[in-house]
Amino acid sequence: MNSKYAPLFESFTFPSGVEVKNRVVMAPMTNFSSNADGTVTDAEVKYYARRSDGVGMVVTACTYVTANGKGFQGEFGGDRDELIPSLKQVATAIKEQGAKAVLQIFHGGRQCPPELVPNGEIVSASAVPVEGNGKPVPRELTDQEIESIIHDFGETTRRAIEAGYDGVEIHGANGYLIQQFFSPHSNRREDRWGGSIDKRLTFPLAVVDEVKKVAAEHAKAPFIIGYRFSPEEPETPGITMAETLVLIDALADKNLDYLHVSLQEFWSKPRRGAEDSRARIEIILERVGDKVPVIGVGSLYTADDVLKAFQSGVPFIAMGRELIIDPDWVQKVKEGREAEIVTKIDKSKQQDLVVPDPLWQAIIHSPGWFPGIE
Ligand SMILES: Cc1cc2nc3c(=O)[nH]c(=O)nc-3n(C[C@H](O)[C@H](O)[C@H](O)COP(=O)(O)O)c2cc1C
């Protein structure tokens with residue numbers, strides 16, 4: 001290995017006590033490949049296995065915690081005990097290759113396609129649709145339903161423990177239900193779940209508390225609890241960088257194992273709400289200090305892209321698309337073969353790359369989404 005990359009291969013012990021062998025994480029990526037009943041397919045289990053012997057930790061695709069939170073065709077389910085064997089197949093495939101397995105737990109809220117949820121009824125913090133023509137208006141959740149969804153996040157955490165995962169990542173990013181409660185765009189409530197910024201934090205923090213409570217009750221070994229958030233929203237009103245810093249302060253007090261900043265571009269700059277010309281990740285790292293480890297992500301492809309990002313001070317780098325394009329990324333860096341890393345998807349290599357058909361079709365029919373697909 002070229003010695004400059006050695007810091008990426010140092011082990012790290014999370015606050016919970018779980019040790020990971022290196023600093024490279026597979027980012028959560030939906031693969032559209034599960035069965036309609038929420039069970040996983042052999043193709044997706046093989047896809048995870050193919051990508052789990054280099055990285056320190058794999059965060060799975062998101063799994064819905066309750067039926068009306070299913071956000072994608074072919075999403076796997078975590079909402080019923082009968083799905084524990086299916087959840088276990090993924091955990092086992094990842095762990096057998098030597099990586100830690102973290103289940104991403106999720107509710108899609110107003111972003112769920114109506115055809116995927118019971119009675120076609122989508123729900124959210126308030127009856128405010130996603131911006132854009134013809135987007136369905138969600139039904140505002142009742143107080144009791146909100147309590148029930150918080151409980152469901154805990155129940156899926158229990159299933160993750162029973163299925164053998166090393167941890168869960170709470171999906172508070174990318175505009176889904178947890179973010180919908182924090183956002184002044186989607187949360188117009190005037191009860192205990194909305195109004196002031198503190199009240200908009202109530203639901204995200206209640207989910208964190210519930211997940212922690214369940215982990216303390218059920219996990220027999222150290223268990224990772226991470227939280228993923230998106231730093232800003234483009235809409236007005238919408239989450240600003242200043243509001244994100246309030247969220248970070250609240251999360252940093254929760255003794256989490258990590259915060260995962262969801263970004264398309266690692267070095268992207270704030271749109272508004274920060275009197276600062278630095279990259280979002282730099283502002284976030286300064287605010288977090290040494291309170292909780294941070295995972296950074298976004299359009300990192302080469303070994304030097306990752307090293308430069310790592311030198312910003314984040315203890316972990318996640319990669320998504322690049323690990324689909326080149327599942328041997330970590331091994332190549334480790335063996336001094338970083339020049340052989342592939343950074344554009346080769347359309348003739350689906351079998352070698354072990355990518356299930358639905359994900360492959362989504363990739364090759366989405367120009368601009370993956371390098372190599374024009
Ligand atoms: C195919 C695909 C599916 C994704 N699904 C999820 C998901 O389930 N949960 C999530 O938090 N982010 C999801 N993302 C976002 C990625 O985790 C990541 O933040 C983003 O792709 C930027 O990182 P990258 O440039 O390394 O791919 C997905 C991205 C891709 C490409």
Side-chain angles (χ1 to χ4, degrees), residues 23-34 40 44 47-48 51 55 57-65 69-78 90 102-109 111-112 116 156 168-180 226-232 258-268 280-281 284 294-303 305-306 308-310 314 316-327 329-330 341-345 350 353 355-373:
R23 308 307 184 88
V24 185
V25 173
M26 179 167 159
M29 282 185 290
T30 291
N31 56 51
F32 317 107
S33 304
S34 307
V40 297
E44 71 184 308
Y47 156 89
Y48 281 111
R51 288 166 175 78
V55 297
M57 182 167 101
V58 173
V59 184
T60 67
C62 60
T63 188
Y64 50 94
V65 301
K70 183 169 181 175
F72 303 93
Q73 195 83 44
E75 181 179 347
F76 71 136
V90 172
V102 172
L103 183 71
Q104 192 184 52
I105 55 177
F106 155 96
H107 189 299
Q111 294 216 54
C112 293
L116 295 185
T156 302
V168 292
E169 178 173 287
I170 300 167
H171 193 350
N174 303 355
Y176 298 113
L177 187 69
I178 294 178
Q179 185 175 326
Q180 287 162 31
Y227 188 103
R228 194 170 215 221
F229 67 92
S230 295
E232 283 185 272
Y258 68 82
L259 299 183
H260 191 169
V261 188
S262 182
L263 288 173
Q264 275 298 108
E265 292 284 338
F266 184 90
W267 296 105
S268 63
R280 290 160 163 158
I281 193 77
I284 290 166
V294 171
I295 304 181
V297 70
S299 301
L300 306 172
Y301 295 97
T302 67
D305 287 347
V306 168
K308 183 168 174 241
F310 188 68
V314 283
F316 288 97
I317 297 290
M319 280 185 285
R321 288 168 294 182
E322 178 55 25
L323 293 178
I324 293 182
I325 296 168
D326 191 344
W329 193 99
V330 177
I341 289 173
V342 182
T343 56
K344 284 192 165 65
I345 201 149
Q350 183 191 355
L353 296 176
V355 177
D357 283 334
L359 176 57
W360 190 257
Q361 293 303 321
I363 292 169
I364 63 174
H365 292 121
S366 307
W369 195 23
F370 273 65
I373 306 292

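In this chain, residues are counted from 1 in sequence order. For ligands, and for the atoms within them, numbers begin at 1 and follow the listed sequence.
For atom 20 (C) of ligand 1, the closest non-hydrogen atom of the protein is Gln264 OE1, 3.4 Å. Distance from atom 29 (C) of ligand 1 to its nearest protein heavy atom, with residue and atom name: Met29 CG, 3.7 Å. In terms of protein heavy atoms, atom 23 (O) of ligand 1 is closest to Val297 CG2, 3.5 Å.
Taking a cut-off of under 4.0 Å to the non-hydrogen atoms of Gln104, the atoms of ligand 1 that pass are 7 (C), 8 (O), 9 (N), 10 (C), 11 (O). Taking every non-hydrogen atom of Met319 and a distance limit under 4.0 Å, the qualifying atoms of ligand 1 come out as 26 (O). Taking every non-hydrogen atom of Cys62 and a distance limit under 4.0 Å, the qualifying atoms of ligand 1 come out as 8 (O). Ligand-side atoms of ligand 1 in range of Asn174: 10 (C), 11 (O), 12 (N), range being under 4.0 angstrom from any heavy atom.
Taking 4.5 Å as the limit, every side-chain heavy atom of Gln361 sits out of range of all side-chain heavy atoms of Phe32.
Taking the side-chain hydrogen bond (donor to acceptor under 3.5 Å, both in side chains) definition, one finds that Ser33 meets it with nothing, sequence neighbours left out. Every residue two or more places apart in sequence or in another chain that forms a ring-ring contact (aromatic ring centres under 6.0 Å, His included) with Phe316 is listed here: Phe12, Phe14.
Applying the side chain to side chain contact (heavy atoms under 4.5 Å, CB included) test between Gln350 and each of Ile363, Ile345, Asp357, Leu359 identifies Asp357 as the sole match.
Shortest non-hydrogen contact noted between Cys112 and Lys70 is SG-O, 3.2 Å. The heavy-atom pair separating Asp326 from Ile341 by the smallest distance is OD2-CA, 3.5 Å. Nearest approach of Gln180 to Gly109, heavy atoms of both residues: OE1-CA, 3.6 Å.
For the pair Tyr301 and ligand 1, the shortest N or O to N or O distance does not fall below 3.5 Å. When only interatomic distances are considered, the shortest N/O to N/O separation between Arg228 and ligand 1 falls below 3.5 Å. An N or O contact shorter than 3.5 Å links Gly320 to ligand 1 by distance. Distances between N or O atoms of Pro28 and those of ligand 1 include at least one value under 3.5 Å.
Ligand 1 lies less than 4.0 angstrom from a heavy atom belonging to Trp369. Residue-ligand proximity: Leu263 is placed with a non-hydrogen atom under 4.0 Å from ligand 1. Under the 4.0 angstrom criterion for non-hydrogen atoms, Ala173 is not in contact with ligand 1. Taking 4.0 Å as the cut-off, Glu322 does not count as a neighbour of ligand 1 on heavy-atom distance.
Ring pair Phe106/His171 is tilted by interplanar angle, where 30° to 60° counts as tilted.
Contacts of Thr30 with ligand 1, taken as heavy-atom pairs under 4.0 Å, involve both backbone and side chain. Of the heavy atoms in Ile324, none comes closer than 4.0 Å to ligand 1.
Between the side chain of Ser34 and the backbone N or O of Val40, no donor-acceptor pair lies under 3.5 Å.
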*Kindly determine whether Glu232 and Leu263 satisfy side-chain contact (heavy atoms from CB on, under 4.5 Å), including the steps that lead there.*
CA-CA 10 Å; Glu232 283 185 272; Leu263 288 173; over 6 Å; no
